[in-house]
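Only one structure is covered here, and it is reproduced in the block below.
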2 protein chains.
Amino acid sequence: MSRSSQTQVAVLGGLSVEPMTAYALREAIRDVLGHFWSESFGQIYPTLQALEDAGHVERRGGARARSSVFAITRSGEARLIELLNEPVQESPPRNGLLLRLFFGRVLGRDRCRELLQSARDAASSQLAEYEQLLAGLQAAEGDTPDWPFIRMTVLAGIHHARAAVAWADECLDTLQGEQ
Amino acid sequence: MSRSSQTQVAVLGGLSVEPMTAYALREAIRDVLGHFWSESFGQIYPTLQALEDAGHVERRGGARARSSVFAITRSGEARLIELLNEPVQESPPRNGLLLRLFFGRVLGRDRCRELLQSARDAASSQLAEYEQLLAGLQAAEGDTPDWPFIRMTVLAGIHHARAAVAWADECLDTLQGEQ
DNA sequence: TGCGTCATGTAACCCGTTACATGATTGT
DNA sequence: ACAATCATGTAACGGGTTACATGACGCA
């Protein structure tokens, strides 16, 4: 049951690290989970409201304060565990780059080469970014109990980026011929 | 300009291969582009209607026939090229598996291991599937001008699946310790 | 005095899926 | 005759983004 609110996972998870305002929560999600998750204000505020109504989070600093800090409650922690245990549901695939390449005959070889090259460049610089991030986080969080799990998410980015670079190179090779 | 209708690319692209009914188009998209793209009936029918109104496709077999075949027109081909040349816009990331792993401390080591193992299994069998698909397509389409481009999309799947397996293995290693 | 950032929310909109209603064709 | 599949569409709904409206606080 429970209507898919994966948003609740991000929100409750964020608050499980430390209490914060909705605004700070959004920044945390953007900055920390940004590589594999995103939420907008339009989702966060209503979700927090719903979670408060359900008693899963509590508002500190006055119900009508200009700046209210939210904290996760006991029942919120239980709810988070429940949600984390629900089966992972992935969204239908929609890869604009592959869609374009598939119709490459129509698009033209040159334009395909350009697309591949810029995909390669993007993946390559992202790879460098992730590697730096990993080193930085290792220094900052290396001792916390969260570290092994944080590391996994960055590793996923690294593996993915490496694969993208190798793929683009292989494709560029096959398009190398004249004409 | 032009509101993002990536759906139009899939539809016009499909019809650029050969004329077909809306129903067949949906099957083609599911079976052929399925690894990286998806469209539902609720998208395809209105899109075809809009494209017909714009003169980009034409309906053959009677306007009110029970089974009308759509064909791309000259202006539709131009439109397709135009759309293919628009910048690739990717949707915001939303990876449910990484979201769960990130909060692995809350989820628990055992459950994380399970998630990783089933992700590994899925990727591994997908890899085998892609490799078989590549061989099959090579035999069937190896001589067509579309082949190099079709191949690229399958290669992307292969690289991605291999990376997923390697990543899951690496993560499982770090979680191997007792406790 | 005024700018930038922190902060809270809402409303409009868009994209897309699911479910439903309907009926023709084909094979057994 | 009937079941399965081909075929066409629509309506309801849900999830999510963007843009907008509003205002406090700190600082230069």
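In what follows, chains carry the letters A, B, and so on, assigned in the order in which the sequence lines appear, proteins first and then strands, with residues in each chain numbered from 1.
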note: I29(B), atom CD1; dG16(C), atom P; distance rounded to Å ~ 12 Å

Report task. Answer yes if the ring centres of H35(B) and Y130(B) are under 6.0 angstrom apart, and no otherwise. Result -> yes

Rounded to whole Å, CZ of R26(A) lies from P of dC6(C) at a distance of 11 Å

Ranking dA7(D), dG16(D), dT18(C) by distance to the side chain of Y23(B), first place goes to dA7(D)

Contact class for T21(B) vs. all strands (heavy atom < 4.0 Å): base, sugar-phosphate, or nothing?
-> sugar-phosphate

Report yes or no: do E170(B) and H159(A) form a side-chain donor-acceptor pair below 3.5 Å? yes

When rounded to whole Å, the CD to P distance for the pair Q43(A) and dC13(C) reads 18 Å

DNA chain D nearest-nucleotide lookup for P92(B) and Y45(B): closer to the 5′ end is Y45(B)

Give a yes/no answer on whether the side chain of S68(A) brings an N or O atom under 4.0 Å of OP1 or OP2 in dA7(C). no

**Asked** Hey, does S91(A) reach any base, or is it just sugar-phosphate, or nothing, if we go heavy atoms under 4.0 Å?
**Response** nothing

Worksheet item: What is the nucleic acid contact for R94(B), judged by heavy atoms within less than 4.0 Å: base, sugar-phosphate only, or nothing?
Response: sugar-phosphate

Q.
When you compare the side chain of F70(A) with that of V11(A), does any pair of heavy atoms fall below 4.5 Å?
A. no

D31(A) CG to dT5(C) P, in whole Å, measures 14 Å

E39(A) atom CD is separated from dT18(D) atom C1', nearest whole Å, by 15 Å

Check your understanding: Is there a path from Y45(A) to L15(A) through hydrophobic residues (I, L, V, M, F, W, Y) whose side chains come within less than 4.5 Å of each other?
Key -> no

Rounded to whole Å, CZ of R60(B) lies from P of dA7(D) at a distance of 17 Å

OP1 or OP2 of dC6(C) less than 4.0 angstrom from a side-chain nitrogen or oxygen of S67(A), does that happen here?
no

Separation of dG9(C) atom P from D53(A) atom CG, nearest Å, is 12 Å

(message) Please confirm whether the shortest side-chain N or O distance from S38(A) to OP1 or OP2 of dT17(D) is below 4.0 Å.
(response) yes

Between G42(B) and S40(A), the residue closer to the 5' end of DNA chain D by nearest nucleotide is G42(B)

From CD of E90(A) across to C1' of dG16(C) the rounded distance in Å is 18 Å

Q. Do R26(B) and F41(B) meet the cation-pi criteria used here (NZ or CZ under 6.0 Å from the six-membered ring centre, within 45° of the axis)?
A. yes

Against the side chain of F41(B), the closest entry in dT17(C), dT8(D), dG16(D) is dT8(D)

